Peer 1: 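So that we are looking at the same thing, I have put the structure below in structure tokens.
Small disclaimer: the values here were computed from a predicted structure and weren't measured. First listed ligand is number 1; within each ligand, the first listed atom is number 1.
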Amino acid sequence: MKILVLNGPNINMLGIREPGIYGKNSFTELLALLAETAEKENLEIEQYQSNHEGCLVDKIQEAYGKFDGIVINPAAYTHTSIAILDALKAVAIPAVEVHISDVSQREDFRQISYPGLACVKTIMGRGLEGYREAILYLKEHYA
Ligand code: CA2
């Protein structure tokens, strides 16, 4: 099974500031968690992070016919991006939305998720472990 893990803007800055919200783990540690999960679960996992909405849309489009599942943390684009929502709908690859923080307990402007409307599941507030849970969910339901 091939899984594409997508991360949106500023996720590469994890661990540098705001540890109270996002934890003290770094982006490098997230990459290590993904590599470890791929090996343990016998999965092919590709990771892509971008600060640019169109680049994330391009990557979702390129996943068509190549990947069996998508794990996506659209970061701030969660709350604005109909383009990412449309791309996920267009490719119709099972996608799980992940948020490191519990966005349901945060500001009003974080209460809408557009990409989440095209996802089969949302995991939030579990820190980096949420990515592992999302991958295991896809393996269990779509392998
Ligand atoms: O909780 C999440 O995973 C978020 O997707 C993270 C986004 C935020 O805009 C979403 O509402 C929830 C932020 C990405 C990381 O931003 C940083 C901010 C300061 C220091 C390091 C990263």
Peer 1: Could you identify the single nearest non-hydrogen protein atom to atom 8 (C) of ligand 1 and state the distance to 0.1 Å?
Peer 2: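 Atom 8 (C) of ligand 1 sits closest to the protein heavy atom R110 NH1, 3.3 Å.
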Peer 1: Which residues, ordered by chain and number, are linked to Y64 in its hydrophobic cluster, where ILVMFWY side chains connect at heavy-atom gaps below 4.5 Å, directly or through other members?
Peer 2: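 Its cluster partners, ordered by chain and number, are L4, L6, Y48, L56, V57, I60, F67, I70, I72, Y77, I84, L88, V91, I93.
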Peer 1: Counting only N and O atoms by type, is there a donor-acceptor contact under 3.5 Å from the side chain of T78 to the main-chain atoms of A75?
Peer 2: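 Present.
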Peer 1: Quick test of your reading of the structure: of Q111, H79, R126, whose heavy atom lies closest to atom 10 (C) of ligand 1?
Peer 2: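 Looking at heavy atoms only, H79 sits closest to atom 10 (C) of ligand 1.
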Peer 1: Output the list of atoms in ligand 1 that are nearer than 4.0 Å to some heavy atom of I11, sorted by atom number.
Peer 2: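 Listed by number with element: 14 (C).
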Peer 1: Do NZ/NE/NH1/NH2 and the carboxylate oxygens of E129 and R126 come within less than 4.0 Å?
Peer 2: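 Result for this pair is no, no salt bridge flagged.
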Peer 1: What protein heavy atom is closest to atom 3 (O) of ligand 1, reported as residue, atom name and distance in Å?
Peer 2: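 Result: I100 N, 2.7 Å.
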Peer 1: Do S113 and E97 have side-chain atoms, one donor and one acceptor, less than 3.5 Å apart?
Peer 2: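 Yes, because at least one side-chain N or O of S113 sits under 3.5 Å from a partner of the opposite role on E97.
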Peer 1: Between S104 and M124, is there a side-chain heavy-atom distance shorter than 4.5 Å?
Peer 2: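 In contact.
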Peer 1: Before signing off on this row, confirm whether E18 and ligand 1 have an N or O atom pair separated by under 3.5 Å.
Peer 2: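 The answer is no, given that E18 and ligand 1 share no N or O pair closer than 3.5 Å.
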Peer 1: Return yes or no for this condition: an N or O of T78 is under 3.5 Å from an N or O of ligand 1.
Peer 2: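 Such a contact does not occur with ligand 1.
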Peer 1: Give the residue, atom name and distance (to 0.1 Å) of the protein heavy atom nearest atom 22 (C) of ligand 1.
Peer 2: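 The closest one turns out to be N10 O, 3.5 Å.
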Peer 1: Starting from atom 21 (C) of ligand 1, which protein heavy atom do you reach first, and at what distance in Å?
Peer 2: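 Here the closest protein heavy atom is M13 O, 3.5 Å.
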Peer 1: At what distance is the nearest protein heavy atom to atom 4 (C) of ligand 1, and which residue and atom is it?
Peer 2: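 Here the nearest protein heavy atom works out to H99 ND1, 3.7 Å.
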Peer 1: Under a 3.5 Å cutoff, is there a donor and acceptor pairing between the side chains of N51 and Q49?
Peer 2: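 Yes - a donor-acceptor pair under 3.5 Å links their side chains.
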Peer 1: Give the residue and atom name of whichever protein heavy atom lies nearest to atom 6 (C) of ligand 1, and the separation in Å to one decimal.
Peer 2: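 Minimum-distance protein heavy atom for atom 6 (C) of ligand 1 reads Y22 CE2, 3.5 Å.
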Peer 1: With a heavy-atom distance limit of 4.0 Å, tell me whether I16 approaches ligand 1 through its side chain, its backbone, both, or neither.
Peer 2: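 Neither; nothing of I16 gets under 4.0 Å from ligand 1.
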Peer 1: How close do R106 and Q111 get, heavy atom to heavy atom, and via which atoms?
Peer 2: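 Scanning both residues, the minimum pair turns out to be O-NE2, 3.3 Å.
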Peer 1: Same cluster or not: are L128 and Y137 linked, directly or through other Ile, Leu, Val, Met, Phe, Trp or Tyr residues, by side-chain heavy atoms under 4.5 angstrom apart?
Peer 2: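 Yes, same cluster.
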Peer 1: For ligand 1, which atoms sit closer than 4.0 Å to a heavy atom of A76?
Peer 2: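 Those atoms are 9 (O).
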Peer 1: Does the side chain of I11 come within less than 4.5 Å of Y22's, by heavy atoms?
Peer 2: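 With C-beta onward as the side chain, the pair stays apart.
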Peer 1: Just need the protein heavy atom nearest to atom 12 (C) of ligand 1, so name the residue and atom and give the distance.
Peer 2: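 Checked against all protein heavy atoms, atom 12 (C) of ligand 1 sits closest to V103 CG1, 3.6 Å.
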Peer 1: Between K59 and E46 (salt bridge meaning N to carboxylate O under 4.0 Å), is one present in this structure?
Peer 2: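 Yes, charged N to carboxylate O under 4.0 Å.
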Peer 1: Check whether any N or O atom of N73, backbone or side chain, sits under 3.5 Å from an N or O atom of ligand 1, and answer yes or no.
Peer 2: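 N/O-N/O distance under 3.5 Å: yes.
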Peer 1: Return the residue, atom name and 0.1 Å-rounded distance of the protein heavy atom closest to atom 1 (O) of ligand 1.
Peer 2: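 For atom 1 (O) of ligand 1, the nearest protein heavy atom comes out as S101 OG, 2.6 Å.
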Peer 1: Would you mind listing which atoms of ligand 1 come within a distance below 4.0 Å of any non-hydrogen atom of P9?
Peer 2: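 Answer, ordered by atom number: 14 (C).
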